[in-house]
Amino acid sequence: MKVLLAVLKQIHKPALCTGNPRCLSSGATSGLLPLGDEAPMVGSSPELVQKLGSQVEVRTDFITEAEEAAFLRELDPGLKKKRYEFDHWDDAIHGYRETERLRWGAACEEILNRVRSTAFPECSQLLGPVHVIDLDKTGYIKPHIDSVKFCGSTIAGLSLLSDSIMRLVKEDTPSEWLDLLLSRRSLYILRDQARYKFTHEILKNEESVFNGQRVPRQRRISVICRNLPG
Ligand code: OGA
Ligand code: MN
């Protein structure tokens with residue numbers, strides 16, 4: 001368990017990251033392409049939204065309020081024992097506490113199985129423990145690409161307690177970007193190029209604007225499932 005926690009920490013190292021979110025915020029006001037209710041994403045060009053659209057999914061209201069409450073009941077007591085970490089400036093996450101969990105109560109296990117069957121092919125080997133990140137209201141995740149050594153082609157995450165914006169930026173072409181509105185209780189899935197060729201980040205409250213509209217950030221808990229490298 002200890003070893004795996006250490007291994008997972010490495011996914012946060014922003015070694016491969018080149019995108020600077022601050023540089024992009026002015027670009028984020030032009031060239032937007034809303035896709036409608038089912039796909040809350042806007043990007044730097046229609047072509048990019050079209051191309052990446054098949055590798056990025058956001059399912060709004062994937063879980064109910066009761067299901068969100070079930071996760072909180074299971075996670076909050078353990079999380080509350082930890083302190084938010086703010087002062088590791090070289091870390092890819094600011095203002096967070098995290099845990100991982102292998103065994104879940106029946107209610108959460110059922111929801112997680114729904115996430116797994118939605119996001120991963122049946123034959124896919126999954127990373128056993130589910131990763132949980134609790135971001136403070138002022139917390140954020142800087143641009144990074146998850147370790148290719150420890151995680152496979154697909155990343156699926158539930159967002160609890162707060163809306164937020166996930167920004168994808170092409171690693172070698174920062175003018176190519178995609179913003180996802182991750183509403184509270186939604187599920188996002190990143191696959192293939194969206195996972196390997198684009199950095200992803202969760203915007204801080206001050207920068208949390210989607211398609212010109214302010215999206216206030218509260219405390220946010222994410223519950224993330226990953227597969228193993230193939
Ligand atoms: C990560 C990550 C996103 C999220 O832990 O590598 O990108 O939704 N998390 O918390
Ligand atoms: Mn990540």
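Numbers here simply count residues along the sequence, with the first being 1. Ligands are counted one by one from 1 in listed order, and the atoms in each one are counted from 1 as well. Remember, it's a predicted structure, so these values are computed and weren't measured experimentally.
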Starting from the Mn ion (ligand 2), look over the N/O/S atoms of Asp146 and name the nearest one.
->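 It is OD1 of Asp146.
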Which atoms of ligand 1 have any heavy atom of [X] under 4.0 Å away?
X	result
Tyr188	3 (C), 4 (C), 8 (O)
Asp146	6 (O)
Ser222	4 (C), 8 (O), 10 (O)
Ile224	4 (C), 5 (O), 9 (N), 10 (O)

Without hydrogens or angle criteria, can the side chains of [X] and [Y] be said to hold a donor-acceptor pair below 3.5 Å?
X	Y	result
Arg116	Asn227	no
Tyr140	Asn205	no
His200	Asp146	yes

Sequence neighbours excluded - salt bridge (charged side-chain N to carboxylate O under 4.0 Å, His left out) pairs with any residue from residues 189-199 = Glu57-Arg191
Flag yes if Phe62 and Met166 sit in one hydrophobic cluster, no otherwise; membership is Ile, Leu, Val, Met, Phe, Trp, Tyr, and two members link when side-chain heavy atoms are under 4.5 Å apart.
-> no
Which value, rounded to the nearest 0.5 Å, describes the distance between Ile93 atom CD1 and Arg97 atom CZ?
-> 13.5 Å
What part of Arg220, side chain from CB on, backbone N/CA/C/O, both or neither, has a heavy atom under 4.0 Å from ligand 1?
->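 Within the 4.0 Å criterion, Arg220 contacts ligand 1 through side-chain atoms alone.
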Pick one of side chain, backbone, both or neither for how Ile141 approaches ligand 1, counting any non-hydrogen atom pair under 4.0 Å.
->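 Answer for Ile141: side chain.
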Does His144 come within less than 4.0 Å of ligand 1, judged by its heavy atoms?
->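 Flag set, His144 near ligand 1.
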Has Arg226 got any heavy atom lying under 4.0 angstrom from an atom of ligand 1?
->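 Contact check Arg226 vs ligand 1: positive.
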His144 NE2 and His200 NE2 subtending at the Mn ion (ligand 2) (10° steps) =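 Taking the Mn ion (ligand 2) as the apex, the two atoms subtend 90°.
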In residues 155-163, what donor-acceptor pairs under 3.5 Å come from side-chain atoms, sequence neighbours left out?
unit_1 : atom_1 : unit_2 : atom_2 : d
Ser159 : OG     : Arg220 : NH2    : 2.9
Ser162 : OG     : Gln218 : N      : 2.9
Asp163 : OD1    : Arg184 : N      : 2.7

